[in-house]
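Every chain is numbered from 1, with letters handed out A, B, ... down the list of sequences.
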Amino acid sequence: MADFESFIPALHRPTSLLPIVRHKEALLYTVEKHQVTVLIGQTGSGKTTQLPQYLEQAGWCNDGKVIAPRRVAATTVAKRVSEEMRCQLGQQVGYSIRFEDVSSATTRIKFLTDGLLLREALVDPLLSRYSVIMVDEAHERSLSSDVLLGVLKKVCKRRPELRIIVSSATLDAEQFLNFFSGTNSEDTTTEYNSIGQIISIEGRTHPVDIHYMTEPCEEYLQRAVKTIFDIHSSEPEGDILVFLTGRDEIETITEMIANRLPSLPDGSEKILPLPLYAGLTTEQQMYVFEPAPDNTHKVICATNIAEASVTIDGIIYVIDCGFVKLRAFNPTTGIETLTATPVSKASAAQRAGRAGRTKPGKCYRLYTEAAYNSLDDVTVPEIQRSNLAPMILQLKALGIDNIARFDFITPPPAELIIRALELLFSLGALDDYAKLTKPMGTRMAELALEPMLAKCLLSATSFGCLSEMLTIAAMVSLQSSVWFTHDTKKAEETARRKFAVEEGDHLTLLNVYQAFVTKGKKDSKWCQQHYLNFKSMSRAVSIRNQLRRYLERFGIDVTESLGGNDVLRAGGRPKEESIRRCLTSGYFAHAARMMPDGTFRTVDGGTVLHAHPSSLMFNRKADWVIFTEVMETGDKTFIRDVTKIEKAWLLEYAPEFYRVKS
DNA sequence: GAGCACTGC
């Protein structure tokens with residue numbers, strides 16, 4: 001998303017006009033007097049770009065320490081600040097994101113992601129390099145920022161001179177302050193209250209008229225289209241932003257709009273529907289920022305991406321369907337779900353606010369006022385609906401052994417913690433006392449991989465397939481697709497078949513990577529011919545290099561074996577079998593068996609699974625398989641990255657896990 | 001026959 005930041009006009013507003021300027025003295029006073037400052041200010045208030053500079057000028061970085069606000073787009077904010085301070089990026093002002101560290105010994109203001117700061121805590125538990133740490137956009141309540149706040153609260157007690165700034169929305173400000181003040185809610189004695197203060201630098205926002213439905217509507221897509229055309233015919237001109245839940249809806253509605261365009265009277269203004277969701281390429285997403293042609297109104301049909309991550313100026317009308325697709329993790333089944341859920345009041349307010357950025361606007365909620373009143377105040381934080389295994393692994397590595405007693409701003413449900421502990425135990429990362437094992441557990445925590453995948457990589461040496469697992473781990477952890485999903489499905493399918501390996505998706509991915517680095521010569525044209533995403537493939541190379549460096553540091557021999565993977569043997573086994581065995585040693589908890597009808601069943605037989613259409617196993621026969629990802633969407637549960645295994649391997653590599661279950 | 005949004009020394 002980094003590319004978008006350069007399109008946020010607020011970022012290029014003259015500094016003197018930023019709302020924060022009037023609060024400079026008050027801010028510096030508060031930071032001087034209190035350990036914690038909760039800062040209320042919206043995007044565009046200047047908090048991320050200006051406050052670090054104020055602190056630097058005030059001498060907070062004099063002893064060579066660094067301020068670390070976190071921002072997704074650390075790069076662009078750092079660039080802006082270095083320009084304002086007239087210094088070279090990477091000198092006084094720098095940033096650090098995965099694969100890119102543009103900072104040096106002279107860096108006084110450093111922008112980095114919260115995940116990265118947490119990793120720094122692994123080697124520097126008191127974060128002693130920093131004098132002030134700003135946790136930006138803390139109200140978004142991401143898993144890593146929640147964990148970071150808990151860690152910072154501990155660090156504060158040991159480092160009274162450390163200053164924390166938490167940037168938040170109005171609604172959560174008290175909660176953050178109470179969190180740092182003491183034992184969260186009840187205990188708000190005066191002694192503790194002096195630890196922090198709330199400062200609001202809220203700039204002027206324009207009023208937004210809220211309109212509700214008088215009756216609940218069943219088909220909100222149709223209703224949205226009607227609203228778009230009503231606005232177009234009877235309201236003053238302005239662009240429209242429609243919040244929907246996903247790609248499907250967005251494609252449907254843009255078609256519905258296009259179909260109704262001929263009904264517009266001759267000579268009237270035109271409507272230009274534009275899709276916006278994360279699955280689009282950066283180039284495709286850029287259209288929403290371009291000014292509409294003359295006599296044309298943009299109608300941007302977007303997912304939640306437009307709620308916080310992407311800011312589009314010039315929006316006067318917002319249409320809010322009232323739903324968002326949220327990820328959740330079911331601790332009973334261990335399956336992730338992705339389902340449309342009613343938004344929270346905070347989310348609805350944020351969406352409405354998108355209409356009032358440039359002048360007064362209007363927001364049409366496609367639900368009744370009664371429905372609005374029944375919404376939750378805020379979205380359930382990620383920490384209460386996620387697979388906590390990675391987080392627990394990280395906390396253990398930070399020396400926080402008693403997870404149940406860790407000071408979370410909102411504690412995760414016990415079932416999620418138990419499920420995660422069970423998994424980590426079965427993977428050999430934790431011992432009988434729930435302590436991190438050495439070296440397996442500590443290494444798993446350090447690797448930037450999911451625990452199950454980390455286990456595969458760390459056991460690869462014993463299976464004689466380390467080089468191959470490095471590649472597979474890199475390919476599997478790519479979040480974006482390796483394949484271009486063009487409309488030309490057949491061509492894509494034949495291209496994919498060239499790399500297909502009978503045993504499944506993981507070996508196919510290995511094949512793709514090996515072809516890329518040998519025949520492909522890192523050439524984008526070659527990728528195009530084979531319907532491969534060049535950016536994804538290059539990222540896989542970076543991830544693989546990073547993983548190899550981790551292993552080297554662990555003292556694991558990563559000498560790369562050259563030659564074809566079919567002919568190499570380890571322990572008298574074909575290489576592909578070693579790889580599949582190795583995958584089983586990490587993914588045994590993700591095993592399933594194919595039924596005669598082509599669907600799969602979990603080991604307990606309780607859940608029906610479908611091979612995702614992007615998987616080789618979608619139209620192939622198999623018996624037992626393991627898979628890297630499982631997700632329930634709509635009414636089906638899909639498994640992705642599927643590889644054939646032998647049932648006996650499950651008992652061989654996870655005897656305890658399967659003895660208990662069966 | 002198909003996935004919201006983020007992210008990792």
Side-chain angles (χ1 to χ4, degrees), chain A residues 1-2 4 68 70-74 96-101 103 110 112-124 127 129 137 140-148 243-251 276-280 302-310 321 323-328 336-341 343 347 350 379 382 385-386 390-391 393-394 397 445-450 453-454 473-474 477-481 483 485 489 492-493 539 542-543 546-547 549-550 553 598 610-615 617-619 629-640:
Chain A
M1 282 309 94
F4 285 109
R70 90 117 255 254
R71 188 67 188 93
V72 173
S96 190
I97 54 176
R98 194 182 187 184
F99 306 128
E100 229 186 317
D101 182 11
S103 67
K110 187 161 95 174
L112 38 61
T113 51
D114 45 18
L116 216 51
L117 187 60
L118 269 173
R119 288 195 162 265
E120 281 191 16
L122 283 179
V123 286
D124 179 13
L127 294 164
R129 299 171 57 200
E137 317 289 358
E140 287 177 13
R141 301 299 306 276
S142 74
L143 191 55
S144 49
S145 80
D146 266 23
V147 173
L148 183 59
F243 281 102
L244 298 168
T245 65
R247 194 178 97 171
D248 255 12
E249 284 182 0
I250 289 167
E251 280 173 359
L276 178 65
Y277 50 89
L280 294 172
T303 61
N304 223 33
I305 193 172
E307 193 182 299
S309 311
V310 174
C321 78
F323 287 87
V324 61
K325 273 189 191 169
L326 283 185
R327 255 180 203 259
E336 253 187 337
T337 56
L338 185 60
T339 38
T341 317
V343 294
S347 188
Q350 179 75 10
T379 308
E382 245 180 12
R385 52 182 167 89
S386 302
M391 182 213 74
L393 203 52
Q394 201 160 27
E446 225 177 303
L447 277 175
L449 289 176
E450 298 296 316
L453 192 54
S477 45
L478 286 174
Q479 76 280 53
S480 49
S481 180
W483 305 95
T485 40
K489 282 179 188 166
E492 184 198 325
E493 194 51 43
R539 192 174 154 81
S542 301
I543 296 176
Q546 191 191 29
L547 295 175
R549 284 197 300 272
Y550 278 121
R553 213 168 42 217
H610 299 263
H612 191 273
S614 67
S615 169
M617 291 306 150
F618 177 66
N619 46 23
E629 208 184 303
V630 52
M631 186 174 269
E632 183 190 326
T633 55
D635 50 359
K636 274 187 178 172
T637 305
F638 290 103
I639 53 177
R640 289 179 63 135

**Asked** Taking the six-membered ring for Trp, are A:H610 and A:F638 parallel (under 30°), tilted (30 to 60°) or perpendicular (over 60°)?
**Response** tilted

Using a 4.0 Å heavy-atom cut-off across all strands, classify A:E629 as base, sugar-phosphate, or nothing. base

Taking only side-chain N and O atoms of A:Q546, does any of them lie within less than 4.0 angstrom of OP1 or OP2 on B:dC9?
yes

Separation of B:dT7 atom P from A:R539 atom CZ, nearest Å, is 9 Å

Determine the contact category for A:T303: base if any of its heavy atoms lies under 4.0 Å from a base atom, sugar-phosphate if only primed atoms, P, OP1 or OP2 are that close, otherwise nothing. sugar-phosphate

To the nearest angstrom, the CG-C1' distance between A:L449 and B:dG8 comes to 9 Å

Atom NZ of A:K636 and atom C1' of B:dG1 are separated, to the nearest Å, by 7 Å

- Task: Measure from the side-chain N and O atoms of A:S386 to the backbone N and O of A:E382, and report whether any donor-acceptor pair falls under 3.5 Å.
- Result: yes

Out of B:dG8, B:dA5, B:dG1, minimum distance to the side chain of A:E450 belongs to B:dG8

Worksheet item: Does any N or O in the side chain of A:R119 come within less than 3.5 Å of the main-chain N or O of A:E446, such that one atom is a donor and the other an acceptor?
Response: yes

Hits for salt bridge (Lys or Arg N to Asp or Glu O under 4.0 Å) against A:E336, two or more places apart or cross-chain, chain-then-number order -> A:R327

Q: Look at the side-chain N and O atoms of A:T113 and state whether any lies under 4.0 Å from the OP1 or OP2 oxygen of B:dG8.
A: yes

Atom CG of A:N304 and atom C1' of B:dA5 are separated, to the nearest Å, by 7 Å

In whole angstroms, the gap separating C1' of B:dC6 from CG of A:D114 amounts to 9 Å

### Query
Under 4.0 Å between a side-chain N/O of A:S614 and OP1 or OP2 of B:dA2, yes or no?
no

What does A:L116 touch in the nucleic acid at a heavy-atom separation under 4.0 angstrom: a base, only the sugar-phosphate, or nothing? sugar-phosphate

With the side chain defined as heavy atoms from C-beta on, A:F638 is closest, among B:dA5, B:dC9, B:dA2, to B:dA2

5'-most contact on DNA chain B (nearest-nucleotide basis), A:D101 vs A:E382, goes to A:E382

Across all chains, not counting sequence neighbours, the ring-ring contact (aromatic ring centres under 6.0 Å, His included) partners of A:Y550 are none

Between CG of A:L143 and C1' of B:dC6 the distance, given in whole Å, is 11 Å

Of the candidates B:dA5, B:dC9, B:dA2, the side chain of A:A448 sits closest to B:dC9

Atom CG of A:L122 and atom C1' of B:dC9 are separated, to the nearest Å, by 9 Å

Check: What does A:E336 touch in the nucleic acid at a heavy-atom separation under 4.0 angstrom: a base, only the sugar-phosphate, or nothing?
Finding: nothing

When rounded to whole Å, the CZ to P distance for the pair A:R247 and B:dG1 reads 16 Å

Of A:L447 and A:D248, the one whose nearest nucleotide on DNA chain B sits closer to the 5' end is A:D248

For B:dA5, does either OP1 or OP2 sit under 4.0 Å from a side-chain N or O belonging to A:Y277?
no

